[in-house]
Amino acid sequence: MNTKLVVYNSWSGEKEVFTPIHEGRVGMYVCGPTVYSDVHLGNCRTFVSFDIIFRYLKYLGYQVRYVRNITDVGHLEGDADTDAEDKISKKARLEHVEPMEVVQRYSNGFHEMMDIFNTLPPSIEPRATGHIIEQIEMVQDILDNGYGYIKNGSVYFDVQKFINEKDLYGKLSGRVVEDLISLTRDNLKNQDEKEHPSDFAIWIKADPRHLMRWNSPWSVGFPGWHLECSAMSTKYLGKQFDIHGGGTDLKFPHHENEIAQNVGACGTPPAKYWLHSNMLLMNGRKMSKSEGNTITPFQLFTGDSPLISKGYSPMVVRFFMLQSHYRSTLDLTDGALQAAEKGFLRLMEATHTVKELAGAVAKESSSLDQELNEMMDGIFEDMNDDFNTPKAMARVFDLVTRINGLKAGHLSIAEVTPETLDRLQKVIPDVVFELFGLKEETGSDDSALDGVMQLVIDIRRQARTKKDWATADQIRDQLNDLHIQLKDGPEGTTWSKS
RNA sequence: GGUCGGUUGGCCGAGUGGCUAGGCAGAGGUCUGCAAAACCUCGUACAGCGGUUCGAAUCCGCUACCGACCUCCA
């Protein structure tokens, strides 16, 4: 397997061979959530996508430093110098709690949800409020380099000057620079501090009602939204690092402004590769509160929503996400989730079945043996092609069919070499659990239940021996109502939850 | 309005010049006391209209529809 990892770089608009700046190591920064409300299902998709990327990079042997921030100050509702207010400060004011209580509550909720979705924790999870000094220093650097100006205690990034001096602004998001320049003061509404509409705040003087405030050379205030990512990525990954990720809706203005800040302060764009995950849709439209088509993760799990017919477990949802590519929009529908649930259960069953396979004695490779190896190679070739999880998943299901065929005896295990069987028994769990990050959802590993089930199966076997079909069927049907499925095979009966 | 992306079989969703994924649903079969599960077989889809080509779902153009972004967004 000689293929190399190729990633789609939003910066160039092309797929590129991934070559880390420092051999063997990868620095990756992903924009995390603003913790002013419960985590949104769309956020979950983005973080699951980057979890897969993180897992695969590690699988390839890279030493990965994965930084995902928590934004707990500076993210405004509305525009900076109209009547905008910091989201967290506003929430705290309305609920009569400390801003840090808001931050703590939703950070906890976010972590809980990331855990439920079985995402690996990042290497570093820095908070904006923990890096006020770094942000102030970066504002100063930007001012020193002539890319900022001060108005009434607030500091703004001079986008016009940046455009004129560097041919960088708008490149990532495909903005037409002429349009940005031609915006006039007529667009400024009632703003009066910005010199140009496309400028943005990097330090904001706090108005009296604002609860979050720090001293700075310019005013008692707080940092602008985009600044924390620039400051923290620079601190933990350096002025230049490998991968910067986030949802595609962050391209503009967030990432564009981030690049401007990094260039303004450090003289270089921060990341070599920009990866953007696409939006989660609900019934064909971007899930958003104004559309009324939102569903919370918990509603999705419990089924407590008019948009779905029943609840779906977190791993079913994760599996569902893996069946589409991270750069495609993904439409969440009830039917699609039902299909995912069935597929997920079949996959889990196969991870057990593969362990039971034995008797591989072939001395030389048969066509079946070659086929199995090619399918396994294919998984990694697909992952190397910009983390193509749906394609890789298709390969896994090809293998599931072979595994089931071997177990059922339709395919001959004797045609498989011991080496190939060993590989299969390693690759399947590696890919399913380590790479895709799926996990078994048995509810609980209850040895008592196992014992009870063996007892029930045994009693039913006795009934069947006596051709007491009524008892046998009653046991089977009632267990089925409890979502326990009995499977009668030539070698006895097994059970699984359904 | 500007910019970008999409339109694939009953549903979801990959692919992107010839080899025409996968999941779910459906049909037939094997197995089974009957089922279920599993396995086998089947369905031949790429918005429309032109063009390029020996050959296009895949490239180009036009049309239609959908979506995203355009200083709240993951």
Side-chain angles (χ1 to χ4, degrees), chain A residues 13 30-34 36 39-50 75-80 84 87 159 170 173-176 179-180 197-201 225-226 245-254 256-257 276-281 284-290 319-320 323-325 327-347 349-350 353 378 382 385 388-398 400-411 464 467-469 472-473 476-477 480 485-490 494 496 498:
Chain A
V30 172
C31 290
T34 302
Y36 71 102
V39 64
H40 187 274
L41 193 60
N43 299 49
C44 295
R45 186 202 181 191
T46 295
F47 300 131
V48 166
S49 294
F50 284 101
H75 201 156
L76 301 178
E77 291 191 332
D79 203 359
K87 289 185 174 187
V159 173
S173 60
R175 285 312 101 149
V176 179
D179 292 351
L180 291 169
S198 60
D199 295 346
F200 58 92
W225 170 35
H226 318 294
T248 188
D249 52 352
L250 291 182
K251 273 187 193 171
F252 190 88
H254 183 61
E256 208 68 77
N257 290 353
H276 288 98
S277 62
N278 216 320
M279 297 295 100
L280 181 69
L281 312 180
R285 292 191 159 261
K286 181 177 170 181
M287 205 182 274
S288 74
K289 287 173 184 171
S290 55
F319 176 87
F320 170 70
Q323 281 190 305
S324 77
H325 190 258
R327 280 192 292 115
S328 299
T329 55
L330 173 60
D331 195 3
L332 191 83
T333 62
D334 194 56
L337 287 166
Q338 287 190 23
E341 183 171 59
K342 294 267 183 63
F344 172 69
L345 291 172
R346 182 158 175 245
L347 179 62
E349 196 66 23
T353 306
D382 294 335
D385 183 12
N388 196 327
T389 55
K391 229 177 151 187
M393 187 68 86
R395 296 288 84 71
V396 172
F397 271 97
D398 284 339
V400 167
T401 300
R402 301 303 182 285
I403 288 164
N404 288 331
L406 286 167
K407 189 201 177 190
H410 291 101
L411 297 173
R464 293 179 75 208
K467 298 196 191 300
D468 179 5
W469 307 128
D473 291 351
R476 185 175 66 197
D477 294 344
N480 204 39
Q485 187 177 57
L486 293 183
K487 296 167 188 171
D488 297 328
T494 57
S496 64
S498 61

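Below, chain A is the first sequence line, B the second, and so on; all start at residue 1. Small disclaimer: the values here were computed from a predicted structure and weren't measured.
For B:U7, the paired nucleotide is B:A64, the pair qualifying as Watson-Crick or G-U wobble because both relevant distances are below 3.5 Å. Across all strands shown, B:C34 forms no Watson-Crick or G-U wobble pair with both distances under 3.5 Å. Pair assignment for B:C39: B:G29, on the basis of Watson-Crick or G-U wobble contacts that are both within less than 3.5 Å. Shown here, B:C69 forms a base pair with B:G2; the pair counts as Watson-Crick or G-U wobble because both key distances fall under 3.5 Å. For B:G55, there is no paired nucleotide, since no Watson-Crick or G-U wobble pair has both relevant distances below 3.5 Å.
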Per-nt protein contacts along nucleotides 13-20 of chain B (heavy atom under 4.0 Å; B base, S backbone sugar-phosphate only, - none) come out as SSS-----
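Here A:F397 does not pack flat against the base of B:G23, since the 5.5 angstrom centre distance and 30 degree tilt limits are not both met.
If you check every strand for non-hydrogen atoms under 4.0 Å, A:Q338 touches nothing. Across all strands shown, A:D398 has heavy atoms under 4.0 Å from sugar-phosphate atoms exclusively, and none from any base. Using a 4.0 Å heavy-atom cutoff across all strands shown, A:G284 reaches sugar-phosphate atoms only and no base atom. Across all strands, A:G335 comes closer than 4.0 Å to no nucleic acid atom at all (heavy-atom distances). Looking at heavy-atom distances under 4.0 Å, A:A394 makes contact with a base. Residue A:K87 is classed as a sugar-phosphate contact, given heavy-atom separations below 4.0 Å to backbone atoms only. Nucleic acid contact for A:T401: sugar-phosphate only, since backbone atoms but no base atoms lie under 4.0 Å from a heavy atom of the residue. A:N404 comes within 4.0 angstrom of the backbone, heavy atoms only, and of no base. Residue A:H276 is classed as having no contact, given no heavy-atom separation below 4.0 Å to the nucleic acid.
In this model, the phosphate group of B:A25 is approached by a side-chain N or O of A:K342 to a distance below 4.0 Å at OP1 or OP2. For the pair A:R464 and B:C34, the criterion of a side-chain N or O lying under 4.0 Å from OP1 or OP2 is not met. Not one side-chain nitrogen or oxygen of A:R476 sits closer than 4.0 Å to the OP1 or OP2 atom of B:A37.
Rounded to whole Å, the separation between the C1' atoms of B:U3 and B:U71 comes to 15 Å. Comparing B:C19 with B:A45, their P atoms sit 13 Å apart, to the nearest whole Å. Spacing of C1' atoms, B:C46 relative to B:U7, comes out at 9 Å, to the nearest Å. Taking atom C1' in both B:G9 and B:A47, one finds a spacing of 14 Å when rounded to whole Å. For the P atom pair drawn from B:G15 and B:G22, the interatomic distance equals 15 Å after rounding to whole Å. Taking atom P on both B:G13 and B:G67, the two are 15 Å apart, rounded to the nearest angstrom. B:U8 and B:U20 have their C1' atoms separated by 12 Å, with the value rounded to a whole Å. Between B:U16 and B:C69, the two P atoms lie 27 Å apart (nearest whole Å).
The distance from the CG atom of A:D249 to the OG atom of A:S277 is 8.0 Å, given to the nearest 0.5 Å.
Using a cut-off of 4.0 Å between Lys/Arg side-chain N and Asp/Glu carboxylate O, A:E349 and A:K487 are scored as salt-bridged.
Atoms CD (A:Q485) and P (B:A36) sit 10 Å apart, rounded to a whole Å. In this structure, A:F200 places its CZ atom 16 Å from C1' of B:C70, rounding to the nearest Å. At whole-Å resolution of the value, CG in A:N257 and C1' in B:C72 are 14 Å apart. A:R346 places its CZ atom 5 Å from the P atom of B:C24, with the value rounded to the nearest Å. Atom-to-atom, NZ of A:K487 to P of B:A36 comes out at 13 Å; the value is rounded to the nearest Å. Rounded to an integer number of Å, the gap from CG of A:D488 to P of B:A37 is 12 Å. Spacing between atom CG of A:N278 and atom C1' of B:C69 amounts to 11 Å, rounded to whole angstrom units. A:L406 places its CG atom 16 Å from the P atom of B:A38, with the value rounded to the nearest Å.
A:D331 approaches A:G284 most closely through the heavy-atom pair OD1-N, 2.8 Å. Closest approach of A:A340 to A:F320, counting heavy atoms only: CB-CB, 3.8 Å.
Place A:S173 and A:R395 on RNA chain B by their nearest nucleotides, and A:S173 ends up nearer the 5' end. Checking A:G174 against A:L250, the closest nucleotide of RNA chain B that is more toward the 5' end is the one next to A:G174.
Two residues are said to be in side-chain contact when any heavy atoms from C-beta on lie closer than 4.5 Å; A:V400 and A:L347 meet this criterion. Inter-residue side-chain proximity for A:K251 and A:H276 is flagged as met; some heavy-atom pair is nearer than 4.5 Å.
Distances were taken from every side-chain heavy atom of A:R285 (C-beta onward) to each of B:C66, B:A21, B:G23; the shortest belongs to B:C66.
No donor-acceptor pair under 3.5 Å is formed between the side chain of A:N480 and the backbone N or O of A:Q485.
A side-chain N or O of A:H75 and one of A:T34 form a donor-acceptor pair less than 3.5 Å apart. Looking only at atom types and distance, the side chain of A:R285 has no donor-acceptor partner in the side chain of A:T329 under 3.5 Å away.
Below 30°, between 30° and 60°, or above 60°: for A:H226 and A:H254 the angle between ring planes is between 30° and 60°, a tilted geometry.
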